[in-house]
Amino acid sequence: MTRTQRTYVVAAAVAAIVTAANASQGAYFSQSWGWVALAFLVPATVLLILDRVDAPGRLRIAFAGLMVALAAWIALSTVWSVSAPASIREVERIVVYVAVALAVAVVLRRGDAPGIVAGATAGVVLVVAYGLGTRLYPDRLGSPDDPFNAYRLAAPIGYWNSFGLLAAMGVILAIGAVAHARRSWHAAIAAGTAPVLVVALYFTFSRGSWVALVFALCATIAFDPRRLRFIWSLLALAPASGLTLALASRQPALTNENSPVEAAAREGHRLASILVGLVIASAALGWAAYRIAEAVPADRRRRRLVDVALVIVAVSAVAIGFVAVGGRDAFGDLRERFEAAPTYSGSDLNGRLFEVSGNGRGETIAVTWDMVSEHPVAGMGAGSFEYVWYERRPSQQVVRDAHSLYAEALGEIGIVGVLLLGGVLAVPLLGAVRGRRSRFTASATGAYLAWLAAAALDWHWEMVGVTMTAFLVGSVALLTPERGRENALSSAARGVLIVAAVVLSVGATWSLVGNQALFAGREAVAREDWAAAREDGRRARALLFWSAEPDLVLGDAAAGLGDRAEALRNYRAAVDADPHSWVAWLHVAQVARGAERSAAYRRVRELNPRETGLPGN
């Protein structure tokens, strides 16, 4: 296979998995984790068995090794966890990231960076374009997340902030592709995607995604040795994308909550027609920018002048911003506004973009600090935040994860876990420093940094599709520093990796079949098909024997069939499997009688004091 052919194969494979994972509700739900993991494990296993892999470089080994160590620590936390089933659920999730790390180590090669960037960009654009279509053509495509109620673009991922982050990552990759393309038509295609990505990002009304984009753009400019070309490409694409934003913000039916579908469709169709023209214009601007950059190469003197100008602009912007937000009291004021309730009101979502309130994020992070103060070294167990939150939440806010990867990790897996997580996330940055002169390292690292920044204030780690995409683009920085001849993998190392890949594949398949049965059972309960729910619940319990969820499905099925005694037995089994689950105790309380019923409700109130509607509340 020639280098060009391999690039196309890698690009197609990356585009397919990025598209499929993010189109499946961002692979947030556990029934998706198994097949996403297998998408990486199967090719890795086959290539290892056929002895078609080379020895990975040190950075790839470090990345995979630290990911395995993090997974092992998460698995070990089941021993002291508040909820062992919740910790095992986190093990199921991180198997996907271990699979990604293994594929990066043994499937990819030193020259695959262009294919990874091209494939990731294509996958992101496909997902984002579909999501934008649900907004511009609501009468034809519709949207599973009902945008005319929440009215923030989220389909098909299901969470607007993660959708916005994915679009922001795509913007960075697209600009980098224009700046460092080998051919003018490559630059034109990449440039044509910019208006689509930008307007989709806008319709999420996600403040965090815009902050992540600005941060990543600044970091990419600072990091890219060819920053003059990147800046030039950014400026060239700005007019078409800026005009798209201006037009989108002036469509009242598309920017106001609860707008009638007919009005939104009318404005969406009109904006879509204009967008086609702006895509063509952006492609032409990207082509022209590439041709001009090729014709007028930047000499050392120009680069130095630009560097000096950038430093002056950066220092001035920081100084002006510091004064504008209140000088010495700025950080205290921002913290108060972040922790305060939202001041935004009204149906026009344009105003939301300038809101500073964290919408309860401060409360979730405060609970994680309580967890840290009690168990600083080992944490309270992976997946334990939800349990601690319901027990100690200061408000009625319903969340499953703290809105900060780093704070939640510190509370759940302690200092040891955070050090391992930090090591995993830092390895691509180390590689980026070493391989920064390669064409796509800066923009790929910029997209990865956008994810790192956004993860500080949101639960993107749980959005497997988005996080997997970030790891894939981050892997570019693991490949580009590698130099010298590629060496064959030793027989002993290959044997160990084959065993590991097979074990992980079995585990991923086990998780896939079990969770598919569990979700089939839940769907059967929802449509009141009790016989199907019982059958699916039994299959799920046989495979997910550590979880309380199959027992809850079986209990619901028995209750639907009128078998109260069987329902109670299954609900008791759920409590035995997960004694700290207030949901399991609530099911027992709703079926039990007498003293058992009173005791179960008392336990619910202990585990979730702010739950309303309980007897005695």
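By convention here, the first residue in the shown sequence is residue 1. Given the structure is predicted, the values throughout are model-derived calculations rather than measurements.
Here the OG1 atom belonging to T368 is positioned 12.0 Å from the CG atom belonging to D401, to the nearest 0.5 angstrom. Atom CG of L201 sits about 6.5 Å away from atom CG of L213, to the nearest 0.5 Å. From R89, atom CZ reaches atom OG of S547 across 8.5 Å, with rounding to the nearest 0.5 Å. L38 CG to S511 OG: the interatomic distance, rounded to the nearest 0.5 Å, is 9.0 Å. In this structure, E596 CD and L568 CG are separated by 5.0 Å, a value rounded to the nearest 0.5 Å. Note that CG of L429 is 6.0 Å distant from CG of L452, once rounded to the nearest 0.5 Å.
Using a 4.5 Å heavy-atom threshold, the side chains of V466 and Y159 count as separate. Taking the side chain as every heavy atom from C-beta outward, W459 and Y28 approach each other to under 4.5 Å. Using a 4.5 Å heavy-atom threshold, the side chains of H460 and N161 count as touching. Annotation: side chain of R393 is not in contact with side chain of V367 (no heavy-atom distance under 4.5 Å). Residues D556 and Y571 form a side-chain contact, since some pair of their non-hydrogen atoms from C-beta on lies under 4.5 Å apart. V553 is not listed as a side-chain neighbour of D536, based on a closest heavy-atom distance of 4.5 Å or more. Between L544 and I88, every side-chain heavy-atom pair lies at or beyond the 4.5 Å cut-off. With a 4.5 Å cut-off on side-chain heavy atoms, F29 and N515 do not count as touching.
In terms of modelled atom types and a separation under 3.5 Å, the side chain of W585 and the main chain of P579 share a donor-acceptor contact. Between the side chain of W530 and the main chain of A558, no donor-acceptor pair closer than 3.5 Å is present. Although no hydrogens or angles enter the test, the distance criterion places a donor-acceptor pair under 3.5 Å between the side chain of S77 and the main chain of A382. When atom types are taken as modelled, the side chain of R610 and the backbone of P394 share a donor-acceptor pair closer than 3.5 angstrom. In this structure, the side chain of D578 does not engage the main chain of A574 through any donor-acceptor pair within 3.5 Å. Using modelled atom types, no side-chain atom of W160 and backbone atom of S206 make a donor-acceptor pair closer than 3.5 Å. Looking only at distances, a side-chain donor or acceptor of H587 sits under 3.5 Å from a matching main-chain atom of V583. Under the 3.5 Å distance criterion, the side-chain polar atoms of S505 are matched with a main-chain donor or acceptor of A501. Formation of a donor-acceptor pair under 3.5 Å by the S24 side chain with backbone atoms of A20 is not found in this model. Side-chain N or O atoms of T467 include none that pairs as donor or acceptor with a backbone N or O of V464 at under 3.5 Å.
Ion pairing between a basic and an acidic side chain is recognised when a charged N comes within 4.0 Å of a carboxylate O; D458 and R361 show such pairing.
Applying the ring pair (Phe, Tyr, Trp, His ring centres under 6.0 Å) rule to W73 yields the partners W80; only residues at least two apart in sequence or on another chain are considered. With sequence neighbours excluded, no residue forms a salt bridge (Lys or Arg N to Asp or Glu O under 4.0 Å) with R534.
Screening residues 404-418 for side-chain hydrogen bond (donor to acceptor under 3.5 Å, both in side chains) gives no qualifying pairs among residues at least two apart or on separate chains.
Ring-plane geometry between Y448 and W451 is classed as parallel, the angle between the planes falling under 30 degrees on a 0 to 90 degree scale with a further cut at 60. Between W461 and Y97, the ring-plane angle classifies as perpendicular under the 30° and 60° cut-offs.
Atom CZ of R527 is surrounded by more than 12 heavy atoms from other residues, nucleotides or ligands within 6.0 Å.
Nearest heavy-atom pair, V18 versus V124, reported as atom, atom and distance to 0.1 Å: CG1-N, 3.9 Å. The minimum heavy-atom distance linking A39 with I17 is given by the pair CB-CD1, 3.6 Å.
Side chains of S30 and E92: a donor-acceptor N/O pair is absent below 3.5 angstrom, by distance only.
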